[in-house]
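To start, the structure under review is shown below, and the notes come after it.
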Amino acid sequence: MNSGIVTNLWLIPAIPLAASLAILSLANSRRKSAAALAVIGQVAALTLSIVAFLPTLETPGFRASQNFTWFTFGEQPLRIGWVLDPLAAAMLLMIALVGLCIFVFSVGYMADDKNFTRFFAYLSFFSGAMLGVVIANSLLLLFVFWELVGLASYLLIGFWIERPSAAAAAKKAFITTRIGDMGFFLGILWLYGHSGTLLFYDHGSGCLESAGLAMLGTSATFIALLIFCGAVGKSGQFPLHVWLPDAMEGPTPVSALIHAATMVAAGVFLVARVYPLFSLGAINGVTPSLTVVVWIGVTTALMAALIAIAQADIKRILAYSTVSQLGLMMVSLGVGGVAAGIMHLLAHGFFKALLFLGAGSVIHGCHHEQDIRKMGSLRRLMPATFLTYAVGMMALSGVPLFFSGGWTKEEILHATAHWPKSQVPYYLILAGVILTALYMTRQIIYVFFGKPRAASEHAHESPRVMTMPLIALAFCAIFFTVVLTPAWPWLHAYLTGDPALHFDSGRLIQPVFFVSLVLVTAGIGLGVLMYRRAGLQNQHRPAKTDPLEYAQPTLFHFLENKMWLDELYDRTVVAFAVVSSRVSDWMDRYFWDGLVRAFGGLGQLLGIFTTDLDERGISAGVDETTIGTRRIGRVVSGWHSGQIQTYLGAVAIGMLALLLLYAWLA
C-alpha cells in the first residue's frame, strides 16, 4: 500500500483541480451541482490525505518519493516528482480538513451571491494548488504550484470585482507577491546552476541531500536568502506584508482559506521544506540566512500585533493577527525550532480558520457590518458563534492547558530562549504574546459583551450549515492539544522522526509554561481593564470609543493607519515607479522615437542620394558608355567590307609601316 499511495500521490491535488474545471463548465444556475462537486472533491482529497498519512506512522522519519523526467533539453533531463514524509502528510491533513470546513461554511455564507458557481470553482482551484505545493519533490514543481496559488488568490481576493477596493486589493496582492517570487525564481536558477538538480530527494543526490548540498559552498547563504524572498511575499512578512490585510476585500471564506490553511502557510512551509539549505554550515545552530529569518520574523510579529490593537474592522484585526503569528513561526524556524514552528502552523490553521469563519458568521448575522464598534452583546443573540469564537480567541491568545495555541507558543518560546546569538527576539516575542491576548480581548468585548449597539439590533444566529464547521474547528482547536503537550510530545516526535520522545508527566510543567501563563493572563487582564467600560457604551455614544485613542491619540492614530507604511511605500516605491514610468514614457515618445525617426530620416537621405547617384551617375555613365561603344562598333563595322583584296592590302600597308619603323630605329 505504501508504494501505491506514493505513486498516486498526485491525485490529491489533481481531484480538486479537476473539480474546479468541471464547475467552470456549469451554468450559473447549477448552484447545487457546483457546491456538491467542490465538497466531494475536497472530501476525496481529505480521504486520500488520510490514506497517505497512515504509512508515515509506521516508521520514524518515513520518506518516499516518486521522480520522473518531465522533458529533456539537449542532453540534460529535467526531472520532477512528489514526496511523502511527515511534514507533507501533516500539512495535507490540515489543509484538506480545514478546507473542507471552509467549503461547507461557504455553502451558507455565499448562498445569495450571483456568482456562487464561479466562487466554488475558484475555491477548488485554490485548494488543489496548495496541495500541489505540499507534495512537490522538486523546487520547480513547487514553484509552478506556488504561482497557481498566487493566481487563485488574485481571483478570490478580487472576486467581487465590481468593487474598486476589491480590484485594487487583488492587484496589490498579486504584484507584491510577485516581487518576492522574483527573488525566489533567481534562487531556483542559482541552485540549479550549482547543484545540477532541483529535486529535493533523489536517493542521496537531491539538492537537500549531502551530495547536492556539498556543491553549494558559500553560495548556499545567498541562495537561501533569495528563496526566502518568496516566503516573505507569500507569508506576508515585513516589508512585503502590506498586501495581506487588504486581502480582506474578498469574501470571508476566502479570508479564512488564505489566512489559515493555504496561501500564507506556503511561505513557512517552504522554509521548513528547504531547511537543510538554510542550516548548511551552521555553528551552534546559527547561520547568516537563519539570522535574517529570525529578525524578519520578530519584526513582523511585533509590528503586526501593535497595528492590530487599533483596528476596528473585525476581519482586519484577524488579518494582522495572522501576519503576527506567521512572524512567530518564522522566528521559530530561524532559531532551529522547526518542529515547533510547524506545530504552530498546524494549530494555527485550525483556530485561525475558526476565527475567520466566526467573523464571517458575525458579519452574516449583523447584515454585513464589520466595524466592531457598532456591535455588542452578540453572545446572547449568537450563542453558537460566541462559544466557538471564544475557543479560537483563547487558542490564539495562547491560553495553556486546554487550547492548542498555548502549547505551540510555549514550544516556540522555549526554542527562542535558547538561541545562542541573542536574547532580544525572546523578549520581543514575550511582548507579542501580551499584545495578542490584549487585542483579542478587546475584540471579543466589543463584539460579544457590553450593550447592544447599531449592528446588534437585528442580529441573528447563522444557519447550521455555517455553525457546524465552527463547532468542528473548535473541537480540533481543543483536542489537538492531546498530541502537543510536552508530557506526550507525539507530534514533535512525529515531525522530527525521533522515537525516543515518550510520555513523561514531569515535562508537563516547565518554567516557560509559567511565563506563558503569566503573560497571557496579563494581556487578557489588561484588555478587560481597558475595554470593559468601552463595551458598555451604547450606540448613542460617539463611534470612536477606544480608550487607547483617548489616552494616546497620536500613538493610536499611528497604529490605526498601519504605521503609515502604505503611505511610505506610496511616496517612495510607488512614487519611484510612477516617475520611472513617466521617464520611460518620455524617453519612448521623444528620445527613442526621435532617435528612430532620425535614423529613418538619415536612411531616407541616403536613399535619395544613392538614387540620384544611381540614376544620374552610374546609370547615365553606363548608358553613355553603351552609346559610345555602339557608335564605335558602327564605325568599325563599316571597315569590314567582306572583300579579301581590301584585307590583304591593309596587311601589306601594315607590314610596310613596320619595316620603315624598324629601318628608322636601326
Side-chain angles (χ1 to χ4, degrees), residues 94 97-111 248 251-261 314-315 317-319 321-322 325 346-366 368-370 372 375-408 436-437 439-450 455-456 459-482 484 520 524 527 535:
M94 187 272 288
L97 179 56
V98 172
L100 178 60
C101 292
I102 294 171
F103 278 41
V104 174
F105 181 91
S106 300
V107 173
Y109 189 86
M110 301 295 291
M248 298 300 98
T252 301
V254 173
S255 304
L257 201 60
I258 289 177
H259 285 257
I314 186 172
K315 288 170 61 177
I317 294 170
L318 297 177
S321 168
T322 299
Q325 297 303 304
L346 297 172
H348 179 266
F350 291 116
F351 63 69
K352 185 53 65 70
L354 169 60
L355 287 169
F356 267 109
L357 295 186
S361 180
V362 169
I363 294 168
H364 181 270
C366 293
H368 300 285
E369 179 58 63
Q370 296 184 200
I372 63 173
M375 301 175 188
S377 194
L378 291 181
R379 71 184 188 281
R380 297 188 181 92
L381 301 172
M382 307 179 70
T385 300
F386 165 65
L387 291 174
T388 53
Y389 201 91
V391 170
M393 172 263 178
M394 287 184 280
L396 175 59
S397 299
V399 176
L401 290 180
F402 301 109
F403 303 98
S404 55
W407 294 116
T408 54
T436 302
Y439 66 69
M440 287 307 299
T441 303
R442 168 183 178 264
Q443 186 191 60
I444 207 165
I445 287 176
Y446 270 120
V447 175
F448 293 104
F449 289 90
S456 303
H460 57 82
E461 183 61 276
S462 299
R464 292 187 63 184
V465 71
M466 295 172 64
T467 56
M468 291 305 294
L470 297 179
I471 295 171
L473 289 169
F475 181 87
C476 292
I478 293 175
F479 287 93
F480 195 50
T481 59
V482 174
L484 294 176
V520 173
I524 294 176

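Considering CZ of F403 and CD1 of I478, their distance stands at 5.5 Å, rounded to 0.5 Å. Rounding to the nearest 0.5 Å places CG of L387 at 11.0 Å from CZ of R379. To the nearest 0.5 Å, atoms OG (S255) and NZ (K315) are separated by 3.5 Å. How far OG of S106 is from CG of L357: 7.5 Å, rounded to the nearest 0.5 Å. Taking CE from M382 and OG1 from T467, the interatomic distance works out to 9.5 Å, rounded to the nearest 0.5 Å. Atom-to-atom distance recorded for L354:CG and Y389:OH is 9.0 Å, nearest 0.5 angstrom.
Counting all heavy atoms, side chain and backbone alike, T252 lies closest to G360 at CG2-CA, 3.4 Å. The minimum heavy-atom distance linking K352 with S321 is given by the pair NZ-OG, 3.1 Å. Across L470 and S361, no two heavy atoms sit closer than the pair CD1-CB, 4.1 Å. Pairing each heavy atom of L257 with each of G99, the nearest pair is CD1-CA, 4.3 Å. Scanning both residues, Q443 and I314, for their nearest heavy atoms gives NE2-O, 3.2 Å. In this structure, A390 and I444 approach most closely via the heavy-atom pair CA-CD1, 3.9 Å.
Taking the six-membered ring where tryptophan is involved, the planes of F386 and F449 are perpendicular, since the angle between them exceeds 60° and thus also 30°. The aromatic rings of F105 and Y109 lie parallel to each other, their planes meeting at an angle below 30°, with 60° marking the opposite boundary.
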*Test side-chain contact (heavy atoms from CB on, under 4.5 Å) applied to M440 and I524, step by step*: CA-CA 8 Å; M440 287 307 299; I524 294 176; over 6 Å; no
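With hydrogens and angles disregarded, a donor-acceptor distance shorter than 3.5 Å links the side chain of E461 to the backbone of A384. Within the 3.5 Å criterion, the main-chain N or O of G358 finds no donor-acceptor partner in the side chain of T385.
Using a 4.5 Å heavy-atom threshold, the side chains of M375 and Y446 count as separate. With contacts defined as side-chain heavy-atom distances shorter than 4.5 Å, the pair I258/F356 does not qualify.
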